[in-house]
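Working notes, structure below.
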Amino acid sequence: MTPRVLLLGGVDPSGGAGLTIDATVVALHHGEALPVPLVITEQNRHGFHRQHPVRPEVWCRVFESVLADGPVHAAKVGLIGDAATVRTVARELTALGPDVPILVDPVLSATAGGYLAPADLAPAYREHLVGKATLFTPNVPELLAIFGGDAAAALAAGARAVLVKGGHAEDPRCEDVLFQGRDRIAFARERLVVGPVRGTGCVLASAIATRLAAGASVGDACRHAGDWLAALLRTLGPPVDGLPRRLPLARIAPRIERS
Ligand code: PLP
């Protein structure tokens with residue numbers, strides 16, 4: 001079975017983050033990507049300039065056409081630009097039924113700089129969307145903004161598991177911590193000096209979602225996707241010009257011979 005992964009999120013035309021990179025990661029993990037755009041962004045390595053939410057009557061129809069086309073084995077929710085869309089996404093996701101794992105990856109800032117999430121976005125995640133998540137994947141600042149830094153509060157809001165990503169912390173080891181019921185599993189990895197890199201959150205979440213779609217447990221999916229991302233980051237080498245870089249996904253893709 002080829003895992004089919006529904007991707008709800010933003011279009012980054014410079015390809016450093018968002019649905020295009022999500023779809024690439026799903027394909028690299030032997031899955032099929034089903035991308036539904038919720039927001040179009042104007043951004044590149046120099047900054048995140050503006051976002052344009054897609055009208056709900058448009059993306060909801062796109063979403064329905066995807067669901068009518070075959071099974072979905074997991075869903076990943078990425079960039080959402082406004083609180084009203086958070087609520088609509090939470091409502092529409094019920095169409096997937098209770099057995100499809102849903103990964104909610106909140107986005108409140110952009111590595112390119114210049115993106116300020118609307119003030120009502122964090123409360124909308126807390127009140128409407130986190131409760132739908134099989135796995136909720138905030139980084140430390142996002143957990144702070146949405147739940148005051150308390151992973152237990154995210155579990156109490158209905159998330160079945162929470163992966164708190166330590167990429168933004170300062171410790172010499174980079175630690176992601178998975179909270180599930182009463183269990184706490186830490187995944188500690190070497191902190192790499194690579195400078196700003198775009199799309200790391202998107203790539204990790206898409207890799208986890210594809211593994212969940214293929215039937216992996218949440219713990220195994222987080223561990224293996226995190227190890228895979230760390231290996232990818234190690235191929236980057238030291239920073240070049242201080243501007244955010246893209247992850248070198250093309251370098252690890254299977255080679256297609258030119259004829
Ligand atoms: N733009 C889009 C469309 C995204 O989906 C995301 C993250 O999910 C971002 C920008 C921010 O990503 P990063 O800070 O990793 O560049």
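Both ligands and their constituent atoms are indexed starting at 1 by order of listing.
By the 4.0 Å heavy-atom criterion, Gly16 is excluded from the residues contacting ligand 1. Not a single heavy atom of Gly78 lies less than 4.0 angstrom from ligand 1.
Looking only at distances, no side-chain donor or acceptor of Thr134 sits under 3.5 Å from a matching main-chain atom of Leu103. Although no hydrogens or angles enter the test, the distance criterion places a donor-acceptor pair under 3.5 Å between the side chain of Arg246 and the main chain of Gly15. Using a distance-only test at 3.5 Å, with no hydrogens or angles considered, a donor-acceptor pair links the side chain of Thr88 to the main chain of Ala84. In this structure, the side chain of Arg223 does not engage the main chain of Phe187 through any donor-acceptor pair within 3.5 Å.
The heavy atom nearest to atom 11 (C) of ligand 1, out of those in Gly167, Ala110, Ser206, is found in Ala110.
Between Thr111 and ligand 1, an N or O atom pair is found at a separation short of 3.5 Å. Checking only distances, Ala17 never comes within under 3.5 Å of ligand 1, N or O to N or O. Distances between N or O atoms of Asp105 and those of ligand 1 include no value under 3.5 Å.
Heavy-atom proximity to Arg198, at under 4.0 Å, picks out these atoms of ligand 1: 15 (O), 16 (O). Here is the list of ligand 1 atoms found below 4.0 Å of a heavy atom in Val107: 7 (C), 8 (O). Heavy-atom proximity to Gly10, at under 4.0 Å, picks out these atoms of ligand 1: 3 (C).
For atom 5 (O) of ligand 1, the closest non-hydrogen atom of the protein is Gly18 CA, 3.3 Å. Of the protein's heavy atoms, Cys202 SG, 2.9 Å lies nearest to atom 8 (O) of ligand 1. Among protein heavy atoms, the minimum distance from atom 15 (O) of ligand 1 is reached at Gly199 N, 2.8 Å. Here the heavy atom of the protein found nearest to atom 1 (N) of ligand 1 is Gln43 NE2, 2.6 Å.
With hydrogens and angles left out, the side-chain atoms of Thr41 and Asp12 include no donor and acceptor closer than 3.5 Å. A donor-acceptor pair shorter than 3.5 Å cannot be found between the side chains of Ser14 and Asn44.
Atom-to-atom distance recorded for Ile21:CD1 and Leu7:CG is 12.0 Å, nearest 0.5 angstrom. To the nearest 0.5 angstrom, Glu42 atom CD is 3.5 Å from His52 atom NE2.
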| query | Please walk me through it: do His30 and Thr210 pass side-chain contact (heavy atoms from CB on, under 4.5 Å)? | reply | CA-CA 8 Å; His30 313 290; Thr210 314; over 6 Å; no

